[in-house]
Amino acid sequence: WTWDKERLAAWEAGRTGFPWIDACMGQLKTEGWMHHLARHAVACFLTRGDLFVHWEAGAAVFDRDLVDADWAVNNGNWMWLSCSC
């Protein structure tokens, strides 16, 4: 994995060029929430689907932006979805 700030910023802003991922990230920004399947999709995309950014970077975004954020659940899910556990 990388800690590529440009890739992370594009993902976070919903500017990846992949409509489903961009829509999901837009929902996170506007509503502070997204369906669990959308969470899985954006996590996999960030960590192993295309961008290969470290899972901790994505987990930090979710911790900051989700209204239902739970540190333990969030980190466990990110480790699982990134195939690092």
Side-chain angles (χ1 to χ4, degrees):
W1 289 299
T2 70
W3 290 91
D4 188 310
K5 292 180 181 178
E6 289 181 18
R7 290 180 186 178
L8 179 63
W11 174 82
E12 192 174 346
R15 292 183 286 106
T16 66
F18 290 81
W20 166 243
I21 301 301
D22 295 346
C24 294
M25 293 307 292
Q27 182 182 25
L28 176 62
K29 281 291 183 199
T30 58
E31 298 179 18
W33 182 88
M34 67 172 86
H35 190 274
H36 79 276
L37 294 178
R39 296 177 193 205
H40 289 198
V42 299
C44 290
F45 184 86
L46 180 68
T47 59
R48 58 189 172 97
D50 200 57
L51 302 179
F52 299 99
V53 173
H54 199 283
W55 70 266
E56 290 181 67
V61 172
F62 273 28
D63 274 337
R64 182 191 67 215
D65 293 345
L66 283 170
V67 296
D68 63 346
D70 177 289
W71 186 89
V73 171
N74 186 42
N75 283 282
N77 284 338
W78 274 92
M79 284 192 298
W80 177 260
L81 293 168
S82 66
C83 295
S84 55
C85 70

Taking C-beta and beyond as the side chain, do Leu46 and Trp55 meet within less than 4.5 Å on heavy atoms?
-> no
Residue pairs fulfilling salt bridge (Lys or Arg N to Asp or Glu O under 4.0 Å) with at least one residue in residues 35-48, sequence neighbours excluded | Arg39-Asp68
Evaluate the side-chain proximity of Asn75 to Asp63: yes if any heavy-atom separation is below 4.5 Å, no if none is.
-> yes
On a heavy-atom basis, the closest approach of Ala43 and Thr47 is O-OG1, 2.8 Å
So CE of Met79 and CG of Asn74: to nearest 0.5 Å the spacing works out to 10.0 Å
Are more than 12 heavy atoms from other residues, nucleotides or ligands located less than 6.0 Å from atom CH2 of Trp3?
-> yes
Donor-acceptor under 3.5 Å (Asp22 side chain, Thr16 main chain) | yes
Is there a side-chain contact between Met25 and Trp11, using heavy atoms and a 4.5 Å cut-off?
-> yes
Pairwise distance NZ(Lys5) to CD(Glu12) - rounded to 0.5 angstrom = 12.5 Å
Inspect the surroundings of CH2 in Trp33 and state if more than 12 heavy atoms from other residues, nucleotides or ligands are less than 6.0 Å away.
-> yes
Should Phe62 and Leu81 be regarded as members of a common hydrophobic cluster, given that ILVMFWY residues are connected when their side-chain heavy atoms come within less than 4.5 Å of each other, either directly or indirectly?
-> no
Please name the pair of heavy atoms, one in Trp1 and one in Ser84, separated by the smallest distance, quoted to 0.1 Å.
-> CH2-CB, 3.3 Å
Under a 4.5 Å side-chain heavy-atom rule over Ile, Leu, Val, Met, Phe, Trp and Tyr, are Trp20 and Met34 clustered together?
-> yes
dist His40:NE2 -> Asn77:CG (nearest 0.5 Å) comes out at 5.5 Å
